Protein chains: 2
Amino acid sequence: MARVEHPGGGRASTLSDVAKLAGVSIATASKAINGRDEVAPATRRRVLEAAEQISFTPNQLARSLLAGRTGTVGLLTSDLEGRFVIPILMGAEDAFGAGQVNVFLCDARGDAIREQHHLKALLNRRVDGIIVVGRQTDPRPSLGHDLPVPVVYAYAPSDDPADLSITPDNRAGGRLAVEHLVSCGRSRIAHITGDPAYAAAQDRLLGVRDGLRAAGLELVGEPMFSEWSEHWGRDATAMLLAQHPEVDGIVCGSDQIARGVLDTLRDLGRSVPEDVAVIGYDNWEVLATNSRPELTSIDANLQQLGRTAAKRVFTALDDELRSGTEYQPVRLVIRGSTIPRR
Amino acid sequence: MARVEHPGGGRASTLSDVAKLAGVSIATASKAINGRDEVAPATRRRVLEAAEQISFTPNQLARSLLAGRTGTVGLLTSDLEGRFVIPILMGAEDAFGAGQVNVFLCDARGDAIREQHHLKALLNRRVDGIIVVGRQTDPRPSLGHDLPVPVVYAYAPSDDPADLSITPDNRAGGRLAVEHLVSCGRSRIAHITGDPAYAAAQDRLLGVRDGLRAAGLELVGEPMFSEWSEHWGRDATAMLLAQHPEVDGIVCGSDQIARGVLDTLRDLGRSVPEDVAVIGYDNWEVLATNSRPELTSIDANLQQLGRTAAKRVFTALDDELRSGTEYQPVRLVIRGSTIPRR
DNA sequence: TAACGTGCCGAAAAGCATTTCGGAATTTTC
DNA sequence: GAAAATTCCGAAATGCTTTTCGGCACGTTA
């Protein structure tokens, strides 16, 4: 036993150690420690002191084995950056007290085989549920229905409507962005976004059109699709200004694109937000708070999303898991790129 | 039992189900499945078929309880961004086959109390070891020595030399940066970095001085300390050029700072890398590959670091855990900010 | 005083897989 | 054909905790 090497630890103490030390049976020790009331106060005190003395902590493995519940969830992700999964993880931890529930994080790296491996490992470890996190909001293949635990899809919904998915409301986000620009007095609004094959691009565009229609406006030019990069933001802005110099507001499909937009606007001598207001998407802090000016953006409330996902998993243990896609509200974070600061 | 709600799963099948179906004892079934050789080929086939039929997978809880090893590690982090912890997690997963080892990820959010909670929970779950990940390379408080499992500190070393810590070799990184600039023909090199209270800033500066000394050069001006932000990079560059217009190379303490440096150089009409070569630190892809030009940077090899940390944890199960701080080599990633592309 | 409650405690089962060891059945050897 | 040696299988213990239920001792009531 290697454990012996680690001083102070030795073999972790067990309930029977406590019982022996306190001079009671194992059953009584258990009851005393767990606050059951079939034990005399004096006995309880003796047991608790003994437990304290040898710093006993119950073995969760044995507990889980008996209870049939482990208090763990698997988080199966293919989000290499960790940009989505970390807030979701934090939300899941929050949904219960810290330390109540523990999360196995598995990174499938976009590989279906690796995903299967991880899935199997998680099931063997008897997780109480699984949260699947994708890095796009496009539907992803379902893990299937013949699983012994509830599965919730977060961020990327499942392609099977019988699964439960929780995804940010991109359409509402697009609309929110436009409404904000309109309320800032802008009326000639363009939209520069990423790869049109992404549902996120299409959904946000729908929202942008909703917002414009509600304000009685039309989009300046066509929506500009390409890739989710600063490079494209820069190039697109140059093209946009050449064709539509009258533009006074730009809704961007991501913060990265918005950074590129800001760069080119600056290069071409347009001041932000005075001449052109710019709004990003994702509220990726490191990008949004370091730009000139700082970037107003739409935040997907990922932590809230993680909390919801975890709650759904655990309520599904007692009830039936619902199905369908829940759209999580998003929120606007206002910074200097739409409203002048000081 | 809520499990019954989830079709196909039902109650997970146990070894005794398999044994009953195959018409053998539990012991025989176990041996057949685990490839032990005290079982007749025909019997083994029957058992395997039965296991397949009811899709049996052994309960890791029971297994771990018996073996005294769980095949899990706890990753205790306070890295809210996940920028460090995700590569380290991936490295830890890699160190063994996917699915061999699973990782409990706990985010303490920089709160010592929450950290203690998580630590206790991890120990109760009988993890085989713990990797502590910090978000700075400054020494952090030790978790102590009276723990029943080995602990390895990754990225942020422990303040107790009796612990094992694995941290990137910042000094070598600073030196590497200068050597690269020198090999690009630069001789008037300045250094803009972050908060001087950070060990990372001090260590990288030491390396920068090493490199300069080796090349027979001196730093242009004093090293410029402030914060790890783009803002500071921009401001510092303006100051630097005003005082030392002859500068032809800038080593930055982070990629964020470097982004700011690039911005100001561009604003002031200096071309990169022709007039001034710039090198960042951290190789944070989203920043480094989206700048104009793309940013040469020092990569801390975090995935390798995670692999090493996980290996140390598991070899410590059989042997004694070594102690002290291991410095992990870093590497140079060359992009357009030091060498013209195309 | 006999019958009955009540309050505490302990033996034992359950949860699941692994491993040891004894024993039954078969084959080999003399 | 009997004794010895294999070969294969199964009962039971192990790991640790929780929970049920039987029982002991004490005090209470008719």
Side-chain angles (χ1 to χ4, degrees), chain A residues 1-3 9-48 50-51 54-71 121 123-128 148, chain B residues 1-3 10-48 50-51 54-71 123-128 148:
Chain A
M1 248 320 84
R3 293 283 162 61
R11 201 183 94 287
S13 51
T14 75
L15 189 58
S16 82
D17 296 335
V18 177
K20 206 173 297 169
L21 187 58
V24 299
S25 77
I26 296 182
T28 305
S30 172
K31 281 178 267 189
I33 287 174
N34 295 339
R36 303 278 309 263
D37 52 358
E38 304 132 7
V39 50
T43 312
R44 160 160 300 143
R45 209 172 318 116
R46 261 205 343 276
V47 171
L48 289 179
I54 60 178
S55 66
F56 165 79
T57 59
N59 185 331
Q60 278 291 346
L61 292 177
R63 229 179 210 188
S64 303
L65 183 60
L66 192 61
R69 268 167 153 262
T70 54
L123 293 177
N124 289 353
R125 294 202 188 281
R126 298 300 190 267
V127 293
D128 290 336
Chain B
M1 244 330 71
R3 292 286 161 61
R11 202 181 93 285
S13 50
T14 75
L15 190 57
S16 82
D17 296 335
V18 176
K20 207 173 297 170
L21 187 59
V24 298
S25 79
I26 296 181
T28 305
S30 172
K31 282 179 262 187
I33 286 173
N34 293 340
R36 304 278 309 263
D37 52 0
E38 304 130 7
V39 50
T43 311
R44 162 160 299 146
R45 209 173 318 117
R46 261 205 342 277
V47 171
L48 290 179
I54 59 177
S55 67
F56 165 79
T57 59
N59 185 330
Q60 280 291 348
L61 293 177
R63 234 180 207 186
S64 304
L65 184 59
L66 193 59
R69 271 167 152 262
T70 55
L123 293 177
N124 289 353
R125 293 201 189 283
R126 297 301 188 265
V127 293
D128 290 336

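Protein chains get the first letters and strands the later ones, always in sequence-line order, with residue 1 at the start of each. It should be emphasised that the depicted structure is a prediction, and the values quoted were computed from it without experimental measurement.
- Legend: residues meeting side chain to side chain contact (heavy atoms under 4.5 Å, CB included) with B:Leu65, ordered by chain and number and at least two apart, are A:Asn59, A:Leu61, A:Ala62, A:Leu65.
- Put simply, CZ on B:Arg69 is 23 Å from P on D:dT14, counting in whole angstrom units.
- Rounded to a whole Å, the CG atom of B:Leu15 is 19 Å from the P atom of D:dT14.
- Summarising the geometry, the separation between CZ on A:Arg126 and C1' on C:dG15 is reported as 11 Å, rounded to the nearest angstrom.
- Atom CG of A:Leu61 and atom C1' of C:dT18 are 15 Å apart (whole Å).
- Remark: B:Asn124 engages A:Thr57 in a side chain to side chain donor-acceptor pair (under 3.5 Å) (not counting sequence neighbours).
- An end-to-end axis angle of 70° holds for the helix from C:dT1-D:dA30 to C:dC30-D:dG1, taken from five base pairs per end and rounded to 10°.
- The stretch residues 33-41 of chain A comes close to DNA chain C through A:Glu38, A:Val39, A:Ala40, each having a heavy atom under 4.0 Å from the strand.
- Base engagement by A:Ile26 is indicated by at least one non-hydrogen atom pair under 4.0 Å involving a base atom.
- One atom, NZ of B:Lys20, and another, P of C:dA17, lie 13 Å apart when rounded to the nearest Å.
- Atom C1' of nucleotide D:dT17 and atom CZ of A:Phe56 are separated by 8 Å, given to the nearest angstrom.
- When each of C:dG10, D:dT19, C:dA17 is scored by its nearest atom to the side-chain atoms of A:Ser30, the top-ranked nucleotide is D:dT19.
- Ranked by how close their nearest DNA chain D nucleotide is to the 5' end, B:Thr43 and A:Ala62 are led by B:Thr43.
- Rounding to whole angstrom units, CG of residue A:Leu66 and P of C:dA14 are separated by 11 Å.
- Evaluation of the side chain to side chain contact (heavy atoms under 4.5 Å, CB included) rule for B:Thr28 yields B:Val24, B:Ser25, B:Val39, B:Thr43 as partners, not counting sequence neighbours.
- Remark: B:Arg36 engages B:Glu38 in a salt bridge (Lys or Arg N to Asp or Glu O under 4.0 Å) (not counting sequence neighbours).
- For A:Lys31 and A:Pro58, each mapped to the nucleotide of DNA chain D holding its nearest heavy atom, the one lying further toward the 5' end belongs to A:Pro58.
- Side chain of A:Arg125 to backbone of B:Thr70: a donor-acceptor contact under 3.5 angstrom is found.
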